[in-house]
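This one's a predicted model, so the numbers in the text were calculated from it and none came from an experiment.
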2 protein chains.
Amino acid sequence: MKISELSAATDVSVATLKYYLREGLLPPGEPLTRTSAAYGEGHVERIRLIRALTSVGGLSVATTRRVLEVIAQPGTGRVDVLGAAQRALLGEEFVSDPPCADGAGPTSRARTWLADQGWQVHPLDPVIDDLDAAWEACEAAGLGLDEERMTAYAHGVLQIARTDVESVPQDPAGAVRQVVLGTVLVDPVLTPLRRLAQQHLTVSEGG
Amino acid sequence: MKISELSAATDVSVATLKYYLREGLLPPGEPLTRTSAAYGEGHVERIRLIRALTSVGGLSVATTRRVLEVIAQPGTGRVDVLGAAQRALLGEEFVSDPPCADGAGPTSRARTWLADQGWQVHPLDPVIDDLDAAWEACEAAGLGLDEERMTAYAHGVLQIARTDVESVPQDPAGAVRQVVLGTVLVDPVLTPLRRLAQQHLTVSEGG
DNA sequence: CCGAAGTGGATAGTGACGCTCTCCAGTATT
DNA sequence: AATACTGGAGAGCGTCACTATCCACTTCGG
């Protein structure tokens with residue numbers, strides 16, 4: 001398959017494919033002559049994956065490259081799948097056993113609330129900071145989001161997460177793929193789903 | 001309050017405040033002389049709101065302006081709150097009772113599934129197209145997301161939406177505000193919450 | 001065997017976006 | 001009188017995801 005055919009098969013312009021090749025998102029094709037290379041079905045799949053991650057998942061090209069690397073790496077054990085996924089999505093590495101021995105560690109509303117919930121999460125996971133920032137933003141915007149309502153949200157989210165975890169396959173490579181893609185691509189599914197659910201409830205309860 | 005004090009009170013640079021004024025995100029201050037105006041506490045709140053919507057909610061300046069307009073408008077009745085919110089978040093208006101009388105209307109996987117669920121939603125709501133696109137992207141990326149799993153997600157989301165709907169206040173203006181801000185600002189709360197829930201489940205179930 | 005078309009490769013340009021900088025004449029303060 | 005600050009407006013900047021142009025070099029149809 002030549003690059004023009006690859007372009008036709010994926011609806012992505014040749015210029016963009018060249019860009020993806022340059023950026024290392026797409027592996028080079030099998031060189032046939034000095035001015036042509038052969039691309040295979042794997043390239044088509046990979047391009048579909050790239051488009052899903054960037055357009056729907058909203059990932060930047062740099063993040064997409066990191067995610068693709070994580071999926072491709074065969075080494076990751078099933079245990080650290082979640083960590084690997086989240087590290088790939090973050091800009092920089094986050095040490096899972098940090099050297100900072102400053103006793104108490106950071107305290108925040110989210111951390112306190114998580115402890116109250118009895119959730120076993122890494123206390124230094126940066127995703128907690130994201131939660132903190134989002135929660136704080138709600139307060140700053142005048143949206144009263146108290147602990148009670150947060151706990152109500154947590155119940156719904158827990159059910160979603162249970163579904164996520166249950167659908168992870170047994171084989172390591174598939175597990176990594178499922179977790180990474182699920183982390184990125186399911187959020188854009190849940191967002192419209194939530195709005196439709198709100199609509200359904202409002203309509204069926206008679207406004 | 002002069003603009004420099006407003007800047008100090010909100011940690012937003014004077015240049016950026018001027019930009020917000022120019023873009024119509026921030027109403028002009030009460031003119032005192034020809035070269036100075038007074039800003040009040042309302043401006044401080046509004047700036048906090050703008051920052052929450054743009055930085056955490058990820059809204060563009062144009063969308064933020066539309067959202068702010070919807071919140072400010074006193075006319076919206078409690079019934080159409082959801083529609084008003086979603087219209088504000090979309091780029092263009094969407095007619096709630098469209099003139100297209102082409103019989104069947106569009107069919108898609110999401111629409112069929114929604115019908116199976118018995119969800120009462122507007123069949124032409126563009127948010128369904130978002131769901132379709134996200135679902136399709138999951139498939140394109142090789143993430144097997146079947147109807148069963150989608151229904152499992154729907155149960156969790158429904159619980160979340162129930163919490164949303166219950167926390168909407170009675171007074172019309174407050175309702176609009178709550179719904180609009182909830183639509184935009186709660187998503188960034190749910191995203192890290194979901195990841196933490198996954199982590200909790202994986203850890204507590206022994207990986 | 002010739003010329004048009006296509007290829008990999010590199011460099012530069014584009015348009016959108018959210019600021020940020022610079023300048024201005026006109027107050028306000030010291 | 002000198003300095004600082006104001007509202008207002010235009011232009012510039014850095015990032016990002018492409019996109020367009022140019023190049024020397026095959027490949028293919030006639």
Asker: If you pin B:K2 and B:Y19 to their nearest nucleotides in DNA chain C, which one's is more 5'?
Answerer: B:Y19
Asker: Whole angstrom is fine here: how far is it from CD1 in B:I47 over to P in C:dG18?
Answerer: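 From B:I47 CD1 to C:dG18 P: 17 Å.
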Asker: Closer than 4.0 angstrom, basic N to acidic O: yes or no for A:D164 and B:R194?
Answerer: yes
Asker: Taking 4.0 angstrom as the limit, do B:R48 and B:D11 come out as a salt bridge?
Answerer: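 No salt bridge links B:R48 with B:D11.
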Asker: In whole Å, I'd like the distance from the CD atom of A:E5 to the P atom of C:dA5.
Answerer: 18 Å
Asker: Side chain of A:S60: nearest nucleotide among C:dG6, D:dA17, C:dG18?
Answerer: D:dA17
Asker: Output the rounded distance in Å from CG (A:L21) to P (D:dT19).
Answerer: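 Atom-to-atom, A:L21 to D:dT19, this comes out as 15 Å.
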Asker: Which heavy-atom pair separates B:A141 from A:L185 by the least distance, and what is that distance?
Answerer: CB-CD1, 3.5 Å
Asker: Is a side-chain donor or acceptor of A:S36 paired with a backbone partner of A:L32 at a separation under 3.5 angstrom?
Answerer: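 Looks like no, no N/O pair under 3.5 Å.
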Asker: Separation of A:R51 atom CZ from D:dA17 atom P, in whole Å?
Answerer: 11 Å
Asker: What is the separation between atom CD on B:E30 and atom P on D:dG7, rounded to the nearest whole Å?
Answerer: 13 Å
Asker: Does D:dT6 have OP1 or OP2 under 4.0 Å away from a side-chain N or O of B:S4?
Answerer: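 It does, given that an N or O in the side chain of B:S4 lies less than 4.0 Å from OP1 or OP2 of D:dT6.
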Asker: Taking OP1 and OP2 of C:dG8, is either one under 4.0 Å from a side-chain nitrogen or oxygen of A:Y39?
Answerer: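 True: A:Y39 side-chain N/O within range (under 4.0 Å) of C:dG8 OP1/OP2.
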Asker: Once you apply a heavy-atom cut-off of 4.0 Å, does A:T54 come out as touching a base, just sugar-phosphate, or nothing?
Answerer: nothing
Asker: Taking CD from A:E23 and P from C:dG9, how many angstroms apart are they, rounded to a whole number?
Answerer: 14 Å
Asker: Main chain of B:G156, side chain of A:H155: is a donor-acceptor contact present, judged purely on distance under 3.5 Å?
Answerer: no
Asker: If you pin A:A62 and B:M1 to their nearest nucleotides in DNA chain D, which one's is more 5'?
Answerer: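 Whichever sits nearer the 5' end wins; that is B:M1.
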Asker: Indicate whether OP1 or OP2 belonging to D:dC18 is found under 4.0 Å from a side-chain N or O atom of A:S13.
Answerer: no
Asker: Using heavy-atom distances to pick each residue's nearest nucleotide on DNA chain D, tell me which of A:T16 and B:A38 is more 5'.
Answerer: B:A38
Asker: Tell me whether the side-chain N or O atoms of B:R22 pair up with the base of D:dG10 as donor and acceptor below 3.5 Å, since no angle test is needed here.
Answerer: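 Pair found.
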Asker: Between C:dG6, D:dA17, C:dT27, which nucleotide gets closest to the side-chain atoms of A:V61?
Answerer: D:dA17
Asker: Whole Å only: how far is the CG atom of A:L17 from the C1' atom of D:dC18?
Answerer: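 Result: 12 Å.
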Asker: Check whether the side chain of A:K18 and the base of C:dG9 form a donor-acceptor pair under 3.5 Å.
Answerer: yes
Asker: Could you tell me whether A:R109 and A:E139 have a side-chain N and a carboxylate O separated by less than 4.0 Å?
Answerer: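 Salt bridge: yes.
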Asker: Side chain of B:I3 only, please: which of D:dT6, C:dT20, D:dT19 is the nearest?
Answerer: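 For B:I3, the side-chain atoms sit closest to D:dT6.
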Asker: Rounded to whole angstroms, how far apart are CG on A:L53 and C1' on D:dC16?
Answerer: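 Rounded to the whole Å, the gap is 17 Å.
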Asker: OP1 or OP2 of C:dC19 versus the side-chain N and O atoms of B:Y20: is any pair under 4.0 Å?
Answerer: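 Yes, within the criterion.
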